[in-house]
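Only one structure is covered here, and it is reproduced in the block below.
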Amino acid sequence: MELKNNMQNFTKAVIETISRIPRGKVISYGRIALIAGNPFGARQVSRILHAMSQKHNLPWHRVINSKGMISLPTGGGYEGQRRLLEEEGIALDEKGRIDFEIFGWDPGKIALYHSIT
DNA sequence: TTAGTGACAGGCA
DNA sequence: CTGCCTGCCACTA
C-alpha cells in the first residue's frame with residue numbers, strides 16, 4: 001500500500017502542477033513528470049490527463065510534448081487544443097510547433113514571472 | 001499471467 | 001533540422 005500511496009502522490013502532484021500553469025504558457029509532459037517526482041513518468045502524465053482533466057477542470061491544453069508540438073492526432077482533438085492555445089495568445093508555426101523560449105513555463109521561474117506581471 | 005498499447009522522451013543517423 | 005529506434009511505466013485484453 002505504500003507503493004499505491006506513492007502513485008497517488010504522483011498523480012496528485014501532476015494534477016497540482018498542471019493547475020499551476022499560467023495562462024498563455026505551456027509545458028511538456030516530461031517536465032511535469034519530473035517535477036512530480038517521476039523522471040520516466042511522461043506517459044503516465046498523458047494518461048492522467050486523458051482520464052482526469054475534465055473532472056479536475058485542468059488546463060490540459062497547455063501540456064504538449066518535448067518537441068513543442070500537440071500530441072493529439074488530427075481529428076482526435078488536435079484542432080480543439082490548437083484553438084484553445086491560440087485563444088491564449090500562444091502561437092504555432094507552420095509546422096505546428098510552439099517555441100518554448102517564448103511560451104515555455106518553468107515552475108522554477110515562477111517568482112520571476114510574477115514580478116514581471 | 002503474458003502481450004500489446006500509448007495525449008512521451010532522448011539519442012542517433 | 002527531421003525522422004526512426006529504443007527505453008519506461010501503468011493499464012487493458
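Naming: A, B, ... by sequence-line order, numbering from 1 per chain.
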| said: So A/R97, base contact, sugar-phosphate only, or nothing? Heavy-atom distance under 4.0 Å. | reply: sugar-phosphate
At 4.0 Å (heavy atoms only), tell me whether A/G41 reaches a base, stays on the sugar-phosphate, or touches nothing. nothing
A/L72 has its side chain closest, among B/dA7, C/dC11, B/dA9, to B/dA7
Side-chain atoms of A/S71 come closest, of B/dA7, C/dC8, B/dA9, to B/dA7
Residue-phosphate contact under 4.0 Å: [X] side-chain N/O, [N] OP1/OP2:
{"X": "A/S28", "N": "B/dA9", "answer": "yes"}
{"X": "A/K67", "N": "C/dG3", "answer": "no"}
{"X": "A/S46", "N": "B/dG6", "answer": "no"}

d([atom1], [X]; [atom2], [N]) in whole Å:
{"X": "A/D93", "N": "C/dT2", "atom1": "CG", "atom2": "P", "result": "9 Å"}
{"X": "A/H50", "N": "C/dT12", "atom1": "NE2", "atom2": "P", "result": "11 Å"}
{"X": "A/F100", "N": "B/dC8", "atom1": "CZ", "atom2": "C1'", "result": "12 Å"}
{"X": "A/Q44", "N": "C/dC11", "atom1": "CD", "atom2": "P", "result": "8 Å"}
{"X": "A/N9", "N": "C/dA10", "atom1": "CG", "atom2": "P", "result": "14 Å"}
{"X": "A/I32", "N": "B/dA7", "atom1": "CD1", "atom2": "P", "result": "16 Å"}
{"X": "A/I48", "N": "B/dA7", "atom1": "CD1", "atom2": "C1'", "result": "12 Å"}
{"X": "A/I18", "N": "B/dA7", "atom1": "CD1", "atom2": "P", "result": "15 Å"}

Report yes if the side chains of A/V63 and A/I21 come closer than 4.5 Å at any heavy-atom pair, otherwise no. yes
Does the side chain of A/S53 come within less than 4.5 Å of A/I18's, by heavy atoms? no
One should read off an interatomic distance between A/I32 CD1 and A/R62 CZ, to the nearest 0.5 angstrom, of 11.5 Å
Value for CG (A/D93) from CE (A/M69), rounded to nearest 0.5 Å, stands at 9.5 Å
Between A/R43 and A/R47, the residue closer to the 5' end of DNA chain C by nearest nucleotide is A/R43
Answer for the Watson-Crick or wobble partner of C/dC8, both distances under 3.5 Å, is none
- request: Considering only NZ, NE, NH1 and NH2 on the basic side and carboxylate oxygens on the acidic side, decide whether A/E79 and A/R83 come within less than 4.0 Å.
  value: no
